[in-house]
Amino acid sequence: MITVFSKFPIKAEFCEEYRKYLKDAAEKHMAQEHHGFVDLRLLAPQNLPIVKANSQFIIETSWMDIKSFTDYTKSEAFKKLHENLPSDDWFAGPPEVKVYETIE
């Protein structure tokens, strides 16, 4: 199994709007209809006084294997999901995607 972390650094003033955007986008994600999809979680940043301020949102998806994920990224559903992205003004930096394999 693999887990994909898509990380989005969002400017502090757009965090609430981005949170709403992600909830709406998750409803349209359609990944659950693709072969090999396991799970989707949306992670919103939380801040503590003892650590550096955090405004990075994470979309965590799990897949049976890397082929299932890459097939999804080539799908019509994936393309549609990425048609109406938020303004570049919302982002504090470039998005980042990290893929991990579960150690069994």
Identify, with sequence neighbours excluded, every residue that meets salt bridge (charged side-chain N to carboxylate O under 4.0 Å, His left out) alongside E16.
-> none
For atom NZ of K11, is the number of surrounding heavy atoms from other residues, nucleotides or ligands below 6.0 Å larger than 12?
-> yes
Assess whether atom CD of E13 is packed by more than 12 heavy atoms of other residues, nucleotides or ligands within 6.0 Å.
-> yes
Compare every heavy atom of [Y] with every heavy atom of [X], then report the nearest pair and how far apart it is.
X: W63; Y: H34; result: CZ3-CB, 4.3 Å
X: L81; Y: A25; result: CD1-O, 3.6 Å
X: F69; Y: I2; result: CB-CD1, 3.9 Å
X: S68; Y: G36; result: OG-CA, 3.4 Å
X: P9; Y: G93; result: CG-O, 3.5 Å

Drop me the distance from [X]'s [atom1] to [Y]'s [atom2], to the nearest 0.5 angstrom.
X: F8; Y: E96; atom1: CZ; atom2: CD; value: 10.5 Å
X: I59; Y: L42; atom1: CD1; atom2: CG; value: 6.0 Å
X: W90; Y: F57; atom1: CH2; atom2: CZ; value: 9.5 Å
X: F14; Y: K20; atom1: CZ; atom2: NZ; value: 13.5 Å
X: S75; Y: H35; atom1: OG; atom2: NE2; value: 14.0 Å
X: L22; Y: L43; atom1: CG; atom2: CG; value: 9.5 Å

Does [X] belong to the same Ile/Leu/Val/Met/Phe/Trp/Tyr cluster as [Y], with side-chain heavy atoms less than 4.5 Å apart forming each link?
X: L40; Y: F5; value: no
X: M64; Y: V4; value: no
X: V97; Y: M1; value: no
X: V38; Y: I66; value: no
X: F91; Y: L85; value: yes

For the pair Y21 and Y18, evaluate ring-ring contact (aromatic ring centres under 6.0 Å, His included) and give the outcome as yes or no after the intermediate values.
-> CA-CA 5 Å; Y21 166 82; Y18 194 73; 5.6 Å; yes
Under a side-chain separation threshold of 4.5 Å, the hydrophobic residues clustered together with I103 are none
Salt bridge check: are D71 and K67 linked by an N-O gap of less than 4.0 Å?
-> yes
Is there a donor-acceptor pair closer than 3.5 Å between any side-chain N or O of T3 and the backbone N or O of S62?
-> no
